[in-house]
Amino acid sequence: MYALVDCNNFYVSCERAFQPRLEGRPVVVLSNNDGCIVSRSAEAKALGIAMGEPLFKVKALVEQHGVQALSSNYALYGDMSGRVMSYLATQAPELEVYSIDEAFLSLHGMEPYFGSLESYARQIQTEVKRRTHIPTCIGLAPTKTLAKLANRVAKKDASLGGVLLLDSPERRQWALGRVPVEDVWGIGRQYATKLYNLGITTAAGLARCSEAMARKHLGGVVGARLVRELQGYPCHRLNPSEDGTLARQSIACTRTFGRPLAQFEDVMGAVASFASRAAEKLRRQESAASVLTVFLSQNRFGNTPPPHTRSAQVTLPVATSHTSELVRFARALLGRLWQPGVVYVKAGVILDGFEQGGQEQLSLFATDGGERAARLMQKLDALNQRYGKGSVQVATALGGGPSNSTTPWKGQQQRRTPAYTTSWDELWQVG
DNA sequence: TCTGGGGTCCTAGGACCC
DNA sequence: TCTGGGGTCCTAGGACCC
């Protein structure tokens with residue numbers, strides 16, 4: 001049996017945990033540059049504000065109803081997520097951190113300790129709320145896909161109190177019948193359209209599909225597994241996390257610029273900064289990357305015909321997590337992509353092809369002073385940990401040229417709340 | 001005027017190797 | 001000249017997730 005624990009409206013709930021005045025009011029949290037709506041309170045949803053909607057499109061609604069629109073504060077959300085996950089890790093033999101606000105728990109052998117798995121789930125729900133002020137919903141079922149589905153039903157049906165256990169064929173059928181096919185985990189826009197055209201509109205209908213049909217219309221083996229999972233046969237195992245964090249297979253740092261850029265050194269400043277942040281994440285999980293990708297995007301909402309994004313990739317001679325090395329290769333890739341006269345709105349750096357590599361790997365790299373480089377990176381990370389992201393950077397990550405003091409690629413976050421839990425300067429003031 | 005930033009898995013074709 | 005069955009790596013793209 002699996003449980004899926006999902007935090008309700010996570011970013012909004014994090015903000016509310018520190019600002020009780022937001023309780024009961026419509027609240028939304030915005031994406032980078034205050035562009036799109038990425039989290040909504042129940043009150044905001046009730047006003048008809050859609051997920052992913054650009055803020056400017058709902059401006060009238062926001063002003064009319066006094067919706068609180070906040071910039072995203074990932075330092076806060078990451079910290080709150082860590083609190084939730086580390087508690088959950090103590091409550092089950094195995095845990096998979098699936099996203100910043102969701103975790104799968106494996107419940108093998110838990111029944112004897114509780115009257116039922118449902119009471120176990122309610123206890124978790126109560127305790128997460130008490131410790132973090134974050135409300136959750138929990139779905140329990142024999143497969144991950146059914147646990148997701150149970151969670152969704154629990155979220156929509158207030159009479160369930162946020163918990164649904166699917167432990168019999170009857171309950172399973174009941175739940176399957178209540179979920180539109182587009183809400184099934186793994187069914188997106190394209191597949192939903194196809195399925196509707198085939199006359200399949202609910203999860204129950206999808207669960208009755210033949211394997212051949214699933215393979216034909218839902219991306220081959222992926223679709224076959226999806227249908228099997230709905231039928232109650234597990235095809236996806238738990239990917240356990242020892243410490244409540246996730247070791248990634250790829251790491252990306254990408255941003256839309258604060259304004260369009262056409263100067264190489266401006267964009268290079270951004271790319272260098274992305275590369276060094278990606279390298280920090282890489283070192284944190286003690287990996288070294290052997291593949292580096294840089295991409296550049298033009299405005300996809302403008303008149304320029306597609307493709308709007310071009311990318312270049314290099315396989316490194318030796319896997320590394322050293323900032324300067326990665327920045328040097330990133331510069332070369334950017335040079336390959338660069339087209340003079342073109343205006344760019346976004347860039348990104350992606351690291352791939354990970355090898356295990358802590359400090360030993362670092363020192364393997366340069367024959368001259370590899371050890372020194374490794375120690376430098378350690379110190380860099382320690383300083384940034386202490387004084388905040390980007391306090392200390394390698395010289396190449398700073399914009400060059402006369403306008404050194406400005407970072408033209410940086411966007412605005414005008415509605416950000418303080419980093420209550422993570423920054424010494426912004427500690428919560430009582431009273 | 002203003003439109004996010006991360007991730008995952010799978011498929012397929014071409015180059016090259018034995 | 002034609003014929004076979006593998007394998008790997010790279011590149012690109014499509015679909016999905018939060």
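All chains are named by letter (A, B, ...) in the order of the sequence lines, taking the proteins before the strands, and each is independently numbered beginning at 1.
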- request: Under 4.0 Å between any heavy atoms, over every strand shown, what does D34(A) touch: base, sugar-phosphate, or nothing? Just pick one.
  value: nothing

message: Please give the distance between the P atoms of dC18(C) and dT3(B) as a whole number of Å.
response: 25 Å

query: Taking OP1 and OP2 of dG4(B), is either one under 4.0 Å from a side-chain nitrogen or oxygen of R300(A)?
result: yes

query: Is there side-chain contact between I100(A) and Y11(A), with at least one heavy-atom pair below 4.5 Å?
result: yes

- prompt: Counting any heavy atom closer than 4.0 Å, what does F10(A) reach on the DNA or RNA strands: base, sugar-phosphate only, or nothing?
  reply: nothing

message: Checking base pairs now: Watson-Crick or wobble, both atom distances under 3.5 Å. What partners dG7(C)?
response: dC16(B)

query: So, W409(A) versus Y344(A), ring centres under 6.0 angstrom or not?
result: no

- request: Would you kindly give the NZ-to-P distance between K57(A) and dC2(B), to the nearest whole Å?
  value: 13 Å

- line: Walking DNA chain B from its 5' end, the first of S250(A) and N299(A) to be reached, judged by nearest nucleotide, is N299(A)

query: Touch check for G220(A), heavy atoms < 4.0 angstrom, all strands: base, sugar-phosphate only, or nothing?
result: nothing

task: Would you verify whether the NZ or CZ of K144(A) falls within 45 degrees of the ring axis of F104(A) while also being under 6.0 Å from that six-membered ring's centre?
output: yes

- request: Establish, with yes or no, whether the OP1 or OP2 oxygen of dG5(B) is under 4.0 angstrom from a side-chain nitrogen or oxygen of N32(A).
  value: yes

message: What is the separation between atom CZ on R277(A) and atom P on dG5(B), rounded to the nearest whole Å?
response: 10 Å

- request: Establish, with yes or no, whether the OP1 or OP2 oxygen of dG5(B) is under 4.0 angstrom from a side-chain nitrogen or oxygen of T256(A).
  value: yes

R255(A) side-chain N/O to dG6(B) phosphate OP1/OP2 under 4.0 Å: yes

query: When all nucleic acid strands are considered with a 4.0 Å heavy-atom cut-off, which category describes K346(A): base, sugar-phosphate, or nothing?
result: sugar-phosphate

- request: Could you tell me whether V184(A) contacts a base, only the sugar-phosphate backbone, or nothing, with contacts defined as non-hydrogen atoms closer than 4.0 Å?
  value: sugar-phosphate

message: Which nucleotide wins on minimum distance to the side chain of W185(A), given the candidates dC17(C), dG4(B), dG6(B)?
response: dC17(C)

message: Applying a 4.0 Å non-hydrogen cut-off, can you work out what L30(A) is touching in the nucleic acid: base, sugar-phosphate, or nothing?
response: nothing

message: Counting only side-chain nitrogens and oxygens, does T254(A) get under 4.0 Å of the OP1 or OP2 atom of dG6(B)?
response: yes

Integer-rounded Å distance: dA15(C) C1' and H217(A) NE2: 16 Å

task: Decide, applying a 5.5 Å centre-distance limit and a 30° plane-angle limit (both strict), whether F301(A) stacks on dT3(B).
output: yes

- prompt: Any Lys/Arg nitrogen of E102(A) or K155(A) sitting under 4.0 Å from an Asp/Glu carboxylate oxygen of the other?
  reply: no

- prompt: Within less than 4.0 Å of OP1 or OP2 of dC17(C), is there a side-chain N or O belonging to K148(A)?
  reply: no

task: Name the nucleic acid region contacted by I187(A), choosing base, sugar-phosphate or nothing; use a 4.0 angstrom heavy-atom cut-off, strictly under.
output: sugar-phosphate

message: Please determine whether side-chain hydrogen bond (donor to acceptor under 3.5 Å, both in side chains) holds for the pair K45(A) and N9(A), giving the CA-CA distance in whole Å, both sets of side-chain angles, and the decisive distance to 0.1 Å.
response: CA-CA 10 Å; K45(A) 290 177 192 173; N9(A) 316 328; 2.8 Å; yes

query: Between A252(A) and P54(A), which has a closest nucleotide on DNA chain B that is more 5'?
result: P54(A)

query: Is D157(A) salt-bridged to R178(A), cutoff N-O under 4.0 Å?
result: yes

- prompt: With the threshold set at 4.0 Å, does a side-chain nitrogen-carboxylate oxygen contact exist between R215(A) and E211(A)?
  reply: yes

query: Taking CG from D101(A) and P from dC17(C), how many angstroms apart are they, rounded to a whole number?
result: 15 Å

Where do N or O atoms of nucleotides 7-14 of chain C meet protein N or O atoms at under 3.5 Å, pair by pair?
from: dT11(C); atom 1: OP2; to: Q313(A); atom 2: OE1; distance (Å): 2.8

query: Would you say dG6(B) has OP1 or OP2 under 4.0 Å from some side-chain N or O of K281(A)?
result: yes

Short N-O contact, R331(A) and E265(A), less than 4.0 angstrom: yes

task: Could you go through the side chain to side chain contact (heavy atoms under 4.5 Å, CB included) check for L146(A) and E229(A) one step at a time?
output: CA-CA 7 Å; L146(A) 284 171; E229(A) 284 248 322; over 6 Å; no

